[in-house]
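Contents: one structure, followed by commentary.
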Amino acid sequence: MKNRIERITSNLRSITSIENKSIAPTNLRDRMRHYHTPGVSIALINNFEIEWAHGFGMCDSRFPPQVTKDTIFQSGSISKAIFALGVMRLVQEGKLNLDEDINHYLTTWRIPANKNWQPRVTLRQILSHTAGLTVDGFPGYLSSELIPSLTEILNGEASANTEKVEVNILPGLQFRYSGGGTTVAQQSIVDLLNKPFPQIMRELVLDPLELTNSTYEQSLPQHLTARVATGHPWKGIPIVGEFHIYPEMAAAGLWTTPTDLAKVGIELIQILNNCSTHNFLNKDAVRSMLCPQLESQKVGDGRFAGVGFFCDGREESFQFGHAGSNEGFSSLMRFYPNSGKGAVIMVNSNEGWPLISEILQAIAIEYQWDDGVPNDRIVINLPNTNDYVGIYSSIDGIEFIITANESYLNLHYKLQPPLPIFPSSALEFFSDVVNTIIEFERDDKLIIIAMTINQAGDKIETSRQA
C-alpha cells in the first residue's frame, strides 16, 4: 500500500487551460507549497472498503502538530449531503414528507409571502436546489463576534452577514444552488423535533454510522479540540481564531475526517448492492436520492442534483458525491457505487481547491477509474480530406476557409495563422493547441454542407458556400 500512496503523491499534474494537457508530474509536497496549503488528508475506497487513509503536512502553518487521518476539518457544503441523509431517515420513519409544503413543519419561521403570493416550497426542492430560494453560501463568523440565531440569519437581520432568505424565482422549475434553502430545512427539522440540531444529526446519522470523529457542534467537544485543523484562506495565513463559526450547521457546519465521510460512502454503496450491515436507509430511499429531480434531466445526460448529492455518469462510471468550501477549508468526496471505488480529500486552505483536482486525477490514474482521466482523442485516417475543403459562412457573415493536408485540415480565420485540426471521426475534428471542436454535416448524398465550431460552450454554425 505504501507504494501506491507514493505513486499517487509523486504523480500530481497541474491542469492547464488546454484540454488534456498537463505539465510534467511533480510531488504532493511541492504542489502543497505552490497552493499555500499546509495540510491534506485523504481516504481511499477500493473494492467496497477503505483501503487506506493518510494525512500530509501540518494542521497549522505556524507550528505542529502534523495532519493525521484523524485530524478533523470543516467540510463546508458536504454538510448538506450528510444532512440530507438525516432528512431521509425521518422520511423513512414517516415523520416527514419530502413533497409537503415546508411551512407545514416550520413554526418559529415561515417561508415569506411575496405580496399576496405565498410560495409553496418542499424539502425535495430544497435538498435538490430547485426551491427558488436565495443566498447561495455563508462566510461564517469569527469566534469573537456575536453569533446570530438561525431566525435572525433567515430574516437577514443586522446581526447576520447574509441577506434574508426568500423565494425569488418559481420553485421546482430549475436548479439554483442555495445554502439559504438548506438553512430553512435545518430550521424545519429543529421545529419538528424540538431538539438541538447537533443532537438530531448525531442520533440520525453520526452515531448509527459510527462517525466518531464528526460533529455539527460549533462549540467543539473537548475530545475533538486537540485534533482540529486551522483554516488558511490565502497565502498560508491562518484565520484569526483558527476557524469560523457556522450557525448554518446543515449547510456548512460539519466537522469531520475523510475516513468518516468514506464510511458514509461505503454505507450507501453497500445499501445499493444489498450488503449493508446497518439498519440505516433502505435501498429505495438511497436510489431515490441519486435520481434527477427536474423533469428535464435524466441519468447519463451530464451532472445533476439529486436529493443531497450531485451525480454524474452512467453504468460503471456513475458517481455521486459533494464538494465543500468554508473559509480556510476545501473538500471533495466522490463515490462509484457500481465498482466500489471512491475517495475523500480535505485540505485546510481555499487556494488548495485545484490541488484536490490534481490529487483526484493521480488517484484515478493509479486505480484506473473509468472516468477519472480525460481520454485523449484518437486521430483516425480519412480516405479523402479534400471532401471538406471550401468556404464556410455563418448567417452573420463570419467566414472560415478549410484547406487540406494529407492527413488533417487547416482552419483559416481572418489574419490568424492556419489552425491544424485533426479527425477523431468522419465528422468531428479537434485542435491540439486550443480548445476547439469542429463538427461537419453531410446531406443525403454524403456531401459536406455545413460546419459548426464549438469553443468554450459557444457554437458558430456555418454553411458551405463553395
Side-chain angles (χ1 to χ4, degrees), residues 1-17 21-45 50-78 213 226-240 242-244 255-262 321 323-334 342-367 369 372-373:
M1 200 55 55
K2 182 179 179 181
N3 290 339
R4 300 199 87 162
I5 296 174
E6 288 178 348
R7 285 197 295 270
I8 289 167
T9 55
S10 62
N11 192 32
L12 271 63
R13 302 167 185 262
S14 176
I15 299 170
T16 71
S17 63
K21 300 292 181 183
S22 62
I23 64 172
T26 187
N27 62 66
L28 177 59
R29 181 178 298 179
D30 287 346
R31 300 310 288 162
M32 290 170 65
R33 187 181 302 114
H34 175 79
Y35 290 117
H36 306 108
T37 298
V40 174
S41 187
I42 306 170
L44 194 286
I45 298 171
I50 298 176
E51 187 168 286
W52 55 266
H54 203 284
F56 307 86
M58 311 297 287
C59 293
D60 191 303
S61 62
R62 299 166 294 184
F63 42 70
Q66 291 187 321
V67 173
T68 73
K69 66 180 181 64
D70 295 321
T71 300
I72 67 171
F73 293 72
Q74 286 189 348
S75 69
S77 290
I78 288 177
N213 290 316
R227 294 189 278 112
V228 172
T230 296
H232 302 77
W234 306 106
K235 302 300 180 184
I237 301 172
I239 292 175
V240 174
E242 300 185 353
F243 50 82
H244 281 183
W255 285 95
T256 189
T257 66
T259 297
D260 272 8
L261 292 177
S325 179
N326 274 5
E327 188 73 3
F329 296 90
S330 302
S331 54
L332 178 72
M333 61 180 187
R334 181 180 295 178
V344 184
I345 306 168
M346 308 187 81
V347 304
N348 57 348
S349 83
N350 294 118
E351 280 189 270
W353 178 249
L355 176 61
I356 291 176
S357 297
E358 293 178 16
I359 295 170
L360 197 67
Q361 178 174 275
I363 289 171
I365 292 171
E366 175 65 27
Y367 284 89
W369 288 2
V373 183

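Being a predicted model, the structure only gives us computed values, none of them experimental. When reading the values below, keep in mind they use all heavy atoms of this one structure, side chains included, and skip hydrogens, waters and symmetry mates.
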So, for [X] and [Y], which heavy atoms are closest and what is the spacing to 0.1 Å?
X   : Y    : result
N11 : R7   : CB-O, 3.1 Å
L44 : G342 : CD2-O, 3.5 Å
T37 : V40  : CG2-CG2, 4.3 Å

What I'd like to find out is whether the side chain of [X] reaches to under 4.5 Å of the side chain of [Y], using heavy atoms alone.
X    : Y    : value
L355 : M32  : yes
T230 : C59  : no
P238 : R62  : yes
M333 : I78  : yes
R13  : I365 : yes
W255 : V228 : yes
L360 : R334 : yes
I359 : L28  : yes

Inset, instruction - Decide if the gap between the ring center of W353 and the ring center of Y35 is smaller than 6.0 angstrom. - result: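 Centroid separation for W353 and Y35: 6.0 Å or greater.
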Legend entry - Within 6.0 angstrom of Q66 CD, more than 12 heavy atoms from elsewhere: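 Open: at most 12 neighbouring heavy atoms sit under 6.0 Å from CD of Q66.
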[Y] backbone acceptor or donor facing [X] side chain under 3.5 Å:
X    : Y    : value
S331 : S75  : yes
H232 : N348 : yes
E327 : N350 : no

Inset, instruction - Report yes or no: is the cationic atom of R4 (NZ for Lys, CZ for Arg) closer than 6.0 Å to the six-membered ring centre of Y367, at no more than 45° off its axis? - result: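 Yes, a cation-pi geometry.
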Legend entry - R31/E358 salt bridge by N-O under 4.0 Å criterion: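 Salt bridge flag = yes for R31 with E358.
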